[in-house]
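One structure below.
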Amino acid sequence: MASEVRIKLLLECTECKRRNYATEKNKRNTTAKLELKKYCPWCDKHTPHKEVKV
């Protein structure tokens, strides 16, 4: 049974707007939008990726 506290989300590249990664976060502990620096294979470099809804 999946927890209702952990939500699934996608990470979108801020430069090319492609959704490259899927992850989860605990919405009780992390209330702000998630932003991580990840590798984008289409931009061929590390770029900031922001949380978007599934």
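Residue numbers run from 1 in the order of the sequence given.
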> What pair of heavy atoms forms the shortest contact from Y39 to K45, and how long is it?
Replying inline: CE1-N, 3.7 Å
> Which atoms form the tightest heavy-atom contact between K25 and A32, and what is the distance?
Replying inline: NZ-O, 3.1 Å
> So, T47 side chain and C13 main chain: donor-acceptor pair closer than 3.5 Å or not?
Replying inline: no
> Would a 4.5 Å heavy-atom cut-off, applied to side chains only, mark E15 and C40 as touching?
Replying inline: no
> Hey, are the side chains of H49 and E35 touching, using non-hydrogen atoms and a 4.5 Å cut-off?
Replying inline: no
> Under a 4.0 Å N-O cut-off, is there an ion pair linking E24 with K8?
Replying inline: no
>> Determine whether K17 and E12 satisfy the following criterion, side-chain contact (heavy atoms from CB on, under 4.5 Å), listing intermediate values before the conclusion.
In response: CA-CA 6 Å; K17 305 295 183 192; E12 179 182 270; 3.8 Å; yes
>> So, taking the atom named CZ in R6 and the one named OG1 in T30, what distance separates them when rounded to the nearest 0.5 Å?
In response: 8.0 Å
> If we only count heavy atoms from C-beta on, is the L11 to L36 side-chain gap below 4.5 Å?
Replying inline: yes
> To the nearest 0.5 Å, what is the distance between CG (L10) and CG (N20)?
Replying inline: 10.0 Å
>> Set out, in order, the CA-CA distance, both residues' side-chain angles and the distance that settles side-chain contact (heavy atoms from CB on, under 4.5 Å) for L9 and V52, then state yes or no.
In response: CA-CA 6 Å; L9 54 95; V52 293; over 6 Å; no
> Minimum heavy-atom separation for K33 to E51, with atom names?
Replying inline: CA-OE1, 3.4 Å
>> Using every non-hydrogen atom in the two residues, find where K53 and R19 come nearest and quote the distance to one decimal.
In response: O-NH1, 3.6 Å
